[in-house]
Amino acid sequence: MSIDKTLEYARANQDHFVDDLKGLVKIPSVSFPGFDAGKVEESASAVAGLLRSRGLENVEILKLEGAHPYVYGDWLHAPNAPTLLLYAHHDVQPAGREELWKSPPFQATERDGRLYGRGAADDKAGVVVHTSAISSYLKTAGSLPVNVKVIIEGEEECGSDHLEEFLSKYKAKMQADIMVLTDTGNYDIGVPSITTALRGLVALDVAVKSADHPLHSGMWGGPLVDPVQALAKMIASVTDKNGRLAVPGLWDKVRKLTKVEETSLKSLRYTVKDFRKQSGVLPKTKVIGNKDLLRSMWYKPTFSVNAIQASSRKDCANIINESAWCHMGIRIVQNMDPKATLAALKKHLLKNAPWGVSVEFSGESTNPAWTTVPESAVFQAASRALAKGFGTKDAVFMGCGGSIPFVGPFSKVLGGAPALLIGVEDPYTNPHSENESVHLGDFAKSIMSAVHLYKELAEISRN
Ligand code: BES
Ligand code: MN
């Protein structure tokens, strides 16, 4: 079957696809606690509407007690062809500091070939890549070369807490041969990439307390313990002077890379200059682990403190605070057990808590790392599809330092079904930060690639 007409339709309808994306970005579907969960519901309805209008059938909003809604839709009229489970998520991170946005976060705005807005890339672009490729087929050929089940999650950004429950309830409905996840990034703009490794994440809140109310720092300073300093010392104990994780036992499990991974790391030739340019780190600020940056971003564990609080800039007074709080996390790699890592971190923090302060842990979450060996025909087919969609020689296989809790458990439930992680983000996307954006050229190419992908996957299953 020729897909020329389908590709032509996709090309001609780019503006409409971008409009679909703008429509989704308008809804502030922040899944974090403390934000309006009604907006995530509204976003689920909008996604369901989009799936329906692009030709998907059996569209349904899937709810679980206490969870943000998933959205499902399918098209299952390709007998003897494989079934793809197409994944994206419709929830987003909070906007952050609104005043730092150059255009309003929930009003998608085009500038210099990019579309800016919270979720414009992560991951509403993923939703629209799937619906656009599907609709391009249905509008031209009237059918797809494969069966598709589209699943759009509503709580990815807050840790996918109901994943297990979801899986046990909808296991049968989710059955598929191949997973395609559109929630990762490309190695660079215009360089199509397949992600073969994700780090996991172990995170928690730490609250340190020393008194039942703040006290005048002049009156009481001296004998009185400062919980901010106590927390600072505890945080400092997690890494050594080079910023490397220093919690005993954690490095023991970190595996050596395979030959294929080593070769691929080398072939990418990533430099400190690339890192500085992409991240915007200040010129005099050191880059840790100079020679091997991709390795440390993709294949090594790392520690970060995401927020810290005691009093505030506005209320800053000459006091010794009664408490201090932070949220911290360790990105873990393959073979590191999430629960054991959390236990080791907590034990280390308690051991390094000075002066008998009270330490409380809460909001704990544990997500494992994931890796795959991209050797089967499915990965070759995906590489061909991406090369065609992007007009390149081939696709790059890469790692990713971020996490997607959905992948591991789902691939397992699908009996080890291959998972293709193909996304539209790039090093300048700024996900989770202010001024998030998607590159519109790459967004268009991703849709073309998805059109090619369905055909390529149908063909390998016939052979
Ligand atoms: N889309 C990201 C994952 C990602 C990060 C892909 C970086 C490519 C580059 C995803 O939405 C995400 O941010 N996930 C969370 C998961 C966490 C809450 C368990 C993350 O990694 O922080
Ligand atoms: Mn995402």
Side-chain angles (χ1 to χ4, degrees), residues 21 24-25 29-33 40 43 47 68 86-94 96 117-130 151-164 181-189 191-205 278-279 294 297-298 301-307 327-333 338 341-342 363-370 396-410 419-433 436-439 442 446:
L21 180 53
L24 294 183
V25 171
S29 50
V30 181
S31 57
F32 278 36
V40 187
S43 157
V47 169
H68 295 296
L86 307 177
Y87 170 93
H89 61 89
H90 68 94
D91 64 315
V92 297
Q93 292 271 322
R118 172 57 82 234
D122 185 8
D123 184 28
K124 288 172 172 172
V127 177
V128 180
V129 166
H130 296 316
I151 185 74
I152 310 295
E153 191 186 347
E155 55 173 23
E156 198 274 346
E157 295 292 4
C158 58
S160 302
D161 286 343
H162 300 81
L163 201 54
E164 271 178 32
L181 295 96
T182 306
D183 188 26
T184 46
N186 291 320
Y187 182 69
D188 206 346
I189 296 169
V191 180
S193 312
I194 299 171
T195 294
T196 60
L198 295 166
R199 288 195 288 197
L201 179 60
V202 166
L204 78 165
D205 285 17
Q278 295 176 351
S279 67
L294 292 182
M297 288 191 283
W298 297 347
T302 180
F303 173 67
S304 61
V305 181
N306 315 109
H327 181 83
M328 58 167 66
I330 295 180
R331 297 277 173 182
I332 58 173
V333 296
T341 305
L342 178 65
E364 300 170 3
S365 65
T366 48
N367 282 296
W370 171 86
V396 167
F397 290 93
M398 66 185 282
C400 170
S403 316
I404 307 174
F406 187 93
V407 190
F410 254 78
L420 294 170
L421 276 61
I422 309 172
V424 290
E425 296 182 23
D426 64 64
Y428 307 97
T429 287
N430 247 357
H432 298 201
S433 174
E436 172 181 348
S437 67
V438 68
H439 184 280
D442 279 3
S446 297

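Numbering of residues begins at 1 and proceeds along the displayed sequence. First listed ligand is number 1; within each ligand, the first listed atom is number 1. Model, not experiment: these values are computed from the prediction.
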Metal proximity, Asp122 vs the Mn ion (ligand 2), N/O/S cut-off 2.8 Å: yes
Short N/O/S contact of Asp183 with the Mn ion (ligand 2) (below 2.8 Å): yes
Protein residues that have a heavy atom under 4.0 Å from any atom of ligand 1, sorted by chain and number: His89, Asp122, Glu156, Glu157, Gly159, Asp183, Thr184, Gly185, Leu201, Arg331, Asn367, Cys400, Gly402, Ser403, Pro405, Glu425, His432
Residues Glu157, Asp123; criterion side chain to side chain contact (heavy atoms under 4.5 Å, CB included); working and verdict: CA-CA 10 Å; Glu157 295 292 4; Asp123 184 28; 5.8 Å; no
Under 3.5 Å side-chain donor-acceptor pair for His90 and Ser43: yes
Ser29 and Lys124: CA distance, side-chain angles, deciding distance, side chain to side chain contact (heavy atoms under 4.5 Å, CB included) verdict: CA-CA 10 Å; Ser29 50; Lys124 288 172 172 172; 2.8 Å; yes
For Pro427 against Asn186, the heavy-atom pair lying closest together: CD-O, 3.8 Å
Side chain to side chain contact (heavy atoms under 4.5 Å, CB included) assessment of Met398 paired with Trp298: CA-CA 9 Å; Met398 66 185 282; Trp298 297 347; 3.6 Å; yes
Geometric class of the Tyr87/His89 ring pair [parallel <30°, tilted 30-60°, perpendicular >60°]: tilted
Name of whichever N/O/S atom of His89 is nearest to the Mn ion (ligand 2): NE2
Full working for side chain to side chain contact (heavy atoms under 4.5 Å, CB included) between Asp183 and Phe406: CA-CA 11 Å; Asp183 188 26; Phe406 187 93; over 6 Å; no
